[in-house]
Structures are given as C-alpha cells and as structure tokens.
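On a predicted model such as this, the values are computed, not experimentally measured, just so you know. Per chain, numbering begins at 1; letters A, B, ... match sequence-line order.
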There are 2 protein chains.
Amino acid sequence: MVPYDRCFRTLANPLRIRIIELLKKRPMAVSELSKQLKAERSKVSHALKKLKECNFVESERRGKRNIYSLTKSVLNDVKVKGNIFDVIKTHVEKYCKNKRRCKV
Amino acid sequence: MVPYDRCFRTLANPLRIRIIELLKKRPMAVSELSKQLKAERSKVSHALKKLKECNFVESERRGKRNIYSLTKSVLNDVKVKGNIFDVIKTHVEKYCKNKRRCKV
DNA sequence: ATAATATGTGAAAATAATTTCACATATGGT
DNA sequence: ACCATATGTGAAATTATTTTCACATATTAT
C-alpha cells in the first residue's frame, strides 16, 4: 500500500498551503488566520484539522484561543538524501508514528 | 497565488504514486504498467498524462509503444536547504518552466 | 489496404473533497 | 448564572476528481 499519498492529499489544497505560508511568519489563532486569508472561519477550522492530522501543524490553547503553529517537520530544514518522495516518507516516518494523530 | 499545489494534487493519488514507484525500477510502456498494477489501461493513461503535465515523468515512442520514465526531478537526489515545501518549489522552478507542458 | 496491437482522449457516470451553515462546546468576564 | 467570544463539528449542498467506456489515432506487419 501507499503510505504517504494522504500527506500529498492534505497539501493538495490552496487554502491549506496558504495557511502554512502564514504560519511560517508566526503562530496564529484560527480567527486571525481566517481574517488574514479572508476565508470563512469554519473553513479554516476544517483545513487546520487535516493539517494537524498529518502533523504539519500543532495547536495550543491560550485562553479562549487556539494558537496554531508549524511542527518541526515543516519548520526544520530537510536533511534527506533522496528525492521528493523520500522527503514525504521521512516526514511520515518521523512525525506520523502516533496512529492516533495521523492515520496515514 | 499558490504555485505548487498542483504538484501536490498530482501526487495525491495512490495509482499515480504506484506508477512512480514502478518506474523507479525501470522505464515501462503503458501496457506493462497496466499489467503490473492490475489497473485499466486507460486509467493508467490518464494518470500518466497528469504526471507528465507536472514533469514527474516523460515518454518516448519506441515503435508502437510509449515508454514512460521518471524525469531527473524524481530520479535525482534532493539537495535542498529548506523544508518539504521548498522541495516542491525547487521542482516547479527547475522543471516546470515550460508553461506549455506544465501550467502550474 | 486491412488487420492487429498499443495508446490517447472526451464525456458521462461514479466517487470524493470542499464549502457552507446550523448548532455544539469551551473559556473568560460581568 | 448568563453573555460574549473563539473554535469545533456534522451533514447537506456544491464542486472537483476519478473511473469507465466508446471511439480516435498511430504504428507495424501481412
């Protein structure tokens, strides 16, 4: 079976990529992301859920807000010998072991 | 705008990934891919078309057959300083400049 | 020229993903 | 306790992708 096409599927979406681009600058709450992206709040919520399932982002409660930030997988530089697929493979092996959080 | 979500979209498909995995071994004709994958021939054809549009594969006529092989982008090792997205970016910038072949 | 083999392609049908919206939950302030 | 704010979530409606199939094209051999 193919273990990493789910990661690609999660990345195959303009909104989700734009979220990642925004979070590169700094961690943000859902409402702020929504505002910056001019996108429906619940749309952003759904997008973040999928990003989280693949361990591209993580979240932390701060008061009423949920602050989302990129995981090490996305923030860290890639040190992979191999091609584009090996990069995804590495991500899955390194960051998606917890089946509960990422059923890749 | 997002320039590389199209690449992710193309990779977000089990059949297309399996094709790439097979082509890692050696170049193959459509009918052989179809046989190995136990997938409809025209399904494989459609899949290859998308892979080609994103410059993941290329093809060469040999008699009646069309032999498909992976492009350098997929065969070569990644030497990218950056994260998973920089890898895709590099692919797009390096291999998808010809707008006629890849309208990313 | 005809037949056989290999592949490509458009479009309808089937499936899957995204969007939207109403409602659920959770926290903090009054 | 009640209200306001922030976010999550299920499900229907919408939209996009994949699959299937009939047919088109291309090459080779007879």
Side-chain angles (χ1 to χ4, degrees), chain A residues 1-2 4-20 22-23 26-69 100-104, chain B residues 1-2 4-20 22-23 26-69 100-104:
Chain A
M1 275 305 291
V2 179
Y4 41 85
D5 75 282
R6 191 171 205 256
C7 286
F8 284 128
R9 196 162 291 180
T10 291
L11 299 176
N13 178 287
L15 181 65
R16 291 196 288 267
I17 287 190
R18 284 169 71 209
I19 287 174
I20 289 178
L22 268 183
L23 293 180
R26 59 186 163 76
M28 280 184 213
V30 182
S31 51
E32 192 178 357
L33 283 168
S34 169
K35 203 176 174 182
Q36 299 255 349
L37 295 162
K38 296 186 209 311
E40 278 243 25
R41 190 196 42 72
S42 90
K43 207 171 155 181
V44 175
S45 240
H46 281 300
L48 285 166
K49 193 183 183 185
K50 292 205 170 183
L51 286 169
K52 199 173 181 181
E53 276 168 3
C54 283
N55 284 89
F56 290 124
V57 306
E58 56 198 357
S59 66
E60 189 203 356
R61 261 277 175 195
R62 266 222 283 280
K64 275 179 275 191
R65 317 203 151 186
N66 246 345
I67 311 293
Y68 281 82
S69 53
R100 232 206 292 233
R101 291 191 65 197
C102 187
K103 310 132 221 153
V104 175
Chain B
M1 276 306 291
V2 179
Y4 41 87
D5 75 280
R6 191 171 204 258
C7 286
F8 284 129
R9 194 163 293 181
T10 292
L11 298 176
N13 178 288
L15 181 65
R16 291 196 289 266
I17 288 189
R18 285 169 69 208
I19 287 175
I20 289 177
L22 268 183
L23 293 180
R26 58 186 164 78
M28 278 183 213
V30 182
S31 52
E32 192 178 357
L33 283 168
S34 169
K35 203 176 177 183
Q36 299 256 348
L37 294 162
K38 294 187 209 314
E40 280 241 24
R41 191 196 42 71
S42 90
K43 206 169 155 182
V44 175
S45 241
H46 282 300
L48 286 166
K49 193 183 184 187
K50 292 205 172 184
L51 286 170
K52 200 173 180 181
E53 278 168 1
C54 284
N55 284 89
F56 290 123
V57 306
E58 57 196 358
S59 67
E60 190 204 355
R61 260 278 174 195
R62 264 220 288 276
K64 275 180 276 192
R65 318 204 151 187
N66 246 345
I67 310 295
Y68 280 83
S69 53
R100 234 205 294 232
R101 290 191 66 196
C102 187
K103 310 135 219 148
V104 175

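Considering only heavy atoms from C-beta on, B/M28 comes within 4.5 Å of B/L22 through its side chain. Contact check for A/R9 versus A/K50: no side-chain heavy atoms found under the 4.5 Å cut-off. A/Y68 is not listed as a side-chain neighbour of A/L51, based on a closest heavy-atom distance of 4.5 Å or more. Counting heavy atoms from C-beta outward, A/R6 and A/C54 have side chains that approach closer than 4.5 Å. Between B/E53 and B/T10 the shortest side-chain heavy-atom distance does not fall below 4.5 Å. A 4.5 Å side-chain heavy-atom check between B/L11 and B/F56 finds at least one atom pair inside the cut-off.
Straight-line distance from the CG atom of B/L11 to the P atom of D/dT17: 14 Å, rounded to whole Å. The nearest whole Å value for the distance from the CD atom in B/E53 to the C1' atom in C/dT9 is 12 Å. The separation between B/K49 atom NZ and D/dT17 atom P is 14 Å, rounded to whole Å. For the pair A/L37 CG and C/dT19 P, the interatomic distance rounds to 12 Å; values are reported in whole Å. For A/I19 and C/dT18, the CD1 to C1' distance is 13 Å, given to the nearest whole Å. Look at CD on A/E60: it is 15 Å from C1' on D/dT7, rounded to the nearest Å. Rounded to an integer number of Å, the gap from CG of A/L33 to C1' of D/dG8 is 15 Å. Between A/I17 atom CD1 and C/dT18 atom C1' the separation is 15 Å, expressed in whole Å.
Distances shorter than 4.0 Å separate none of the side-chain N or O atoms of B/N66 from OP1 or OP2 on C/dA6. Using a 4.0 Å cut-off, some side-chain N or O of A/K50 falls inside it from OP1 or OP2 of C/dT18. At D/dA6, none of the side-chain N or O atoms of A/Y68 fall inside 4.0 Å of OP1 or OP2 (strictly under the cut-off).
Atom CG of A/L48 and atom CG of A/L23 lie 7.0 Å apart (nearest 0.5 Å).
For the pair A/A12 and B/I67, both in contact range of DNA chain C, the more 5′-proximal nearest nucleotide belongs to B/I67.
Side-chain proximity of B/R65 to C/dT18, C/dA6, D/dT9: nearest is C/dA6.
Using a 4.0 Å heavy-atom distance criterion, B/A29 is classed as a sugar-phosphate-only contact. At a threshold of 4.0 angstrom between heavy atoms, the contacts of B/S45 include nucleobase atoms, whether or not backbone atoms are also involved.
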How would you summarise protein contacts on nucleotides 19-30 of chain D per nucleotide, using B for base, S for sugar-phosphate only and - for none, with heavy-atom distances below 4.0 Å?
SBB-----BS--
